[in-house]
Asks: 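Sharing a structure here in structure tokens format.
These figures come from a predicted structure and were not determined experimentally.
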Amino acid sequence: MNAQEIKALLDKYDNGLTTAREERLLEETLLGDVPESLGGEAAYFQALHALQEPLSAEVRNLEEKLSKEIDQWNVVERASGRKARRMSLRVAGLVAASLLLLFSLGVFLNNRQAQPAAIAEQTDTFNNPQDAQAAAGKALAKFSTALNKGLDKMNNKDYNH
């Protein structure tokens with residue numbers, strides 16, 4: 001096979017138009033002795049051919065290790081995605097519960113009937129003004145006694161120091 005035929009076949013090969021028989025013919029030609037004018041094309045073809053050879057054991061082990069590592073990353077990613085979904089569901093639940101509580105409180109406060117204040121309902125506790133005066137005097141005397149005891153204790157402490 002001359003150099004021109006080899007170049008034409010290489011062009012066909014680069015464009016993906018060669019048959020299996022033509023590729024074998026190229027392999028036999030370019031992996032053997034080639035003219036110097038085709039040295040670059042031969043090196044290129046040999047490099048491509050070397051890539052098509054079966055992978056070495058180290059490369060296969062690397063591929064397996066990378067596959068395992070990617071699988072582990074996927075597991076971690078799925079777990080974190082679940083946690084994020086759970087967290088967002090919790091937040092949504094808390095917001096919904098808070099809104100329901102506020103709504104219920106608003107409805108309760110809006111619908112309850114106004115009750116009169118307990119102080120406004122109270123009437124006088126004494127029907128007789130003399131009884132009221134006696135009870136007030138008794139309460140004031142008790143308050144005065146307690147106040148005097150406290151003042152005496154404070155005065156004694158000031159003199160002791």
Asks: Tell me, please, which residues at least two apart from N111 pass side-chain contact (heavy atoms from CB on, under 4.5 Å).
Replies: V107
Asks: Distance from N110 atom CG to L105 atom CG, nearest 0.5 Å?
Replies: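 Atom-to-atom, N110:CG and L105:CG are 11.0 Å apart.
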Asks: How long is the straight-line distance from CG of L99 back to CG of L94, given to the nearest 0.5 Å?
Replies: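 One finds 11.0 Å between CG of L94 and CG of L99.
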Asks: Looking at N128 and Q130, would you say the former's side chain and the latter's main chain have a donor-acceptor pair under 3.5 Å?
Replies: yes
Asks: What pair of heavy atoms forms the shortest contact from F126 to A135, and how long is it?
Replies: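 Taking F126 first and A135 second, the nearest heavy atoms are CZ-CB, 3.5 Å.
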Asks: Minimum heavy-atom separation for L25 and L9, please, with both atom names.
Replies: CD2-CD2, 4.1 Å
Asks: With a 6.0 Å cut-off (strictly less than), is the heavy-atom count around CD of E69, excluding the residue itself, greater than 12?
Replies: yes
Asks: Hey, what do you get for CG (N155) to CG (L151), rounding to the nearest 0.5 Å?
Replies: 6.5 Å
Asks: Please set out all donor-acceptor pairs under 3.5 angstrom arising from side-chain atoms of residues 140-148, sequence neighbours excluded.
Replies:
| residue | atom | partner | partner atom | Å |
| --- | --- | --- | --- | --- |
| T145 | OG1 | A141 | O | 2.8 |
| N148 | ND2 | S144 | O | 3.3 |

Asks: If I take atom CD from residue Q133 and atom NZ from residue K138, how far apart are they, to the nearest 0.5 angstrom?
Replies: 15.0 Å
Asks: Would E22 and Y13 satisfy side-chain contact (heavy atoms from CB on, under 4.5 Å), going step by step from the backbone distance to the final call?
Replies: CA-CA 9 Å; E22 291 171 329; Y13 180 79; over 6 Å; no
